[in-house]
Amino acid sequence: MARKPTITLVSPAYNESQNLKPFYKAVCQAVLPLDRYNWEILLINDGSRDNTWEIITELTGSDPRVKGISLSRNFGKEIALTAGLESIEETDAMIFIDADLQHPPDLIPELVNHWEQGFQIVATQRDSLNTNWLRNLGSRLFYKIMNRFSEIRLEPNATDFRLIDREVLKVLKTFKERTRLFRGLVDWTGFKKVFIKFSAPERLEGKSTFNFNNLSGLAINSFTSYSLWPLRITGFLGLFVLATTCLSLLYMLVTQFVLGYEIYTRMAYFVVFNTFLFGIVLVALGMMAVYIGHIHTEVLLRPLYIVQEKAGFEND
Ligand code: UDP
Ligand code: MG
């Protein structure tokens, strides 16, 4: 009999002791009809302060499909996902899913279905945003700015609930950068992707750990790791200052010495000239930014390109 392909579910859990068992039940229910696959459930305890880890070990004891890893402290969801991904040696596809049931396990068959059709990334989009208008506004603004200035396109309302093929997985494992937005990285790889929509239910138990600080931190991190624009803006500002001061200086000189109908104090010349110098400093900063930018992309250690397919290598 041919080997059954394996699909691994990866769930980060931070203080999810109340949700884990219902989550586990829902997942078992959802994958029941998909018995043509080997299922593996990896639960990552991200330094929870409640008994999340006890529950995980209880589950690993009772079901051989369940695996758990526990991180030494709370590293945050993005890193927890990375830890999950790197601790799986061999699998055919991986599904990232929150343990708080906000990512409905019922959707798993649909994810798998699209994967079987040949999509290497099956991502999801929430169709309704959360009820917090400030968070809504923040996230809308974030995507607007991000997509305007960065090299990859982030889909609004996209979530971390997604399936990735082993090929994508292999690539993701080579990423070494420390500050990361997981779904940004997945999108960056550029593999064949499809979106599925769902509406996010309320969290089952406990409350969301992402507050304003957290989310704005994530936003700034993603912005600076996908775009060099914040660095370059100083240079452009400098050019603008240089241009305007040059023009004003010219205007002052012409009106005073050529046309002779306007007298400016020395102070006025001084101020304009000083601003001119300031412009030079800003331009210099912008220039440095370009160099720093190169270093920045270099130290991220991202792979330069990804070979998705090869032809004519069969006889190697
Ligand atoms: N999570 C984590 N580490 C953290 C914060 C959250 O592993 O530091 C997990 C959490 O247990 C849940 C998922 O990430 O499974 C999403 O977290 P949350 O529900 O707080 O975020 P939201 O749904 O509001 O985006
Ligand atoms: Mg949640």
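Counting starts at 1 for both ligands and their atoms, following the listed order.
Taking a cutoff of 4.0 Å between a charged side-chain nitrogen and a carboxylate oxygen, Lys77 and Asp98 qualify as a salt bridge.
Counting protein heavy atoms only, atom 5 (C) of ligand 1 is closest to Thr209 OG1, 3.2 Å. Of the protein's heavy atoms, Glu16 OE2, 3.3 Å lies nearest to atom 12 (C) of ligand 1. Nearest non-hydrogen protein atom to atom 8 (O) of ligand 1 is Asn74 ND2, 2.9 Å. Closest protein heavy atom to atom 9 (C) of ligand 1: Pro12 O, 3.7 Å. Looking only at heavy atoms of the protein, atom 16 (C) of ligand 1 is closest to Asp98 OD2, 3.0 Å. In terms of protein heavy-atom proximity, atom 21 (O) of ligand 1 is closest to Phe210 CD1, 3.1 Å. Looking from atom 24 (O) of ligand 1 to the surrounding protein, the closest heavy atom is Ser208 OG, 2.6 Å. Looking only at protein heavy atoms, the nearest one to atom 18 (P) of ligand 1 is Arg203 NH2, 3.5 Å.
With 3.5 Å as the limit, one finds a donor-acceptor pair spanning the side chains of Tyr269 and Gln256. No donor-acceptor contact under 3.5 angstrom links the side chains of Thr91 and Thr6, judged on distance only. In this model, no donor atom of one side chain and acceptor atom of the other lie less than 3.5 Å apart for Tyr37 and Asp92.
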Inset, instruction - Would you please test Arg126 and Gln102 for side-chain contact (heavy atoms from CB on, under 4.5 Å) and show each step? - result: CA-CA 10 Å; Arg126 273 189 307 249; Gln102 280 191 303; over 6 Å; no

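Looking only at its N/O/S atoms, Asp100 has OD2 as the one nearest to the Mg ion (ligand 2).
One finds the CG atom of Leu253 at 11.5 Å from the CG atom of Leu259 (value rounded to the nearest 0.5 Å).
Both the backbone and the side chain of Lys77 come within 4.0 Å of ligand 1, counting heavy atoms alone. Contacts between Asp46 and ligand 1 below 4.0 angstrom, taking non-hydrogen atoms only, involve the side chain exclusively.
Using the six-membered ring where Trp is involved, Phe161 and His103 have ring planes that are parallel, under 30° apart on the 30 and 60° scheme.
Ligand 1 places these atoms under 4.0 Å from at least one heavy atom of Ala99: 15 (O).
The neighbour count for Lys173 NZ, taken as heavy atoms of other residues, nucleotides or ligands under 6.0 Å away, is above 12.
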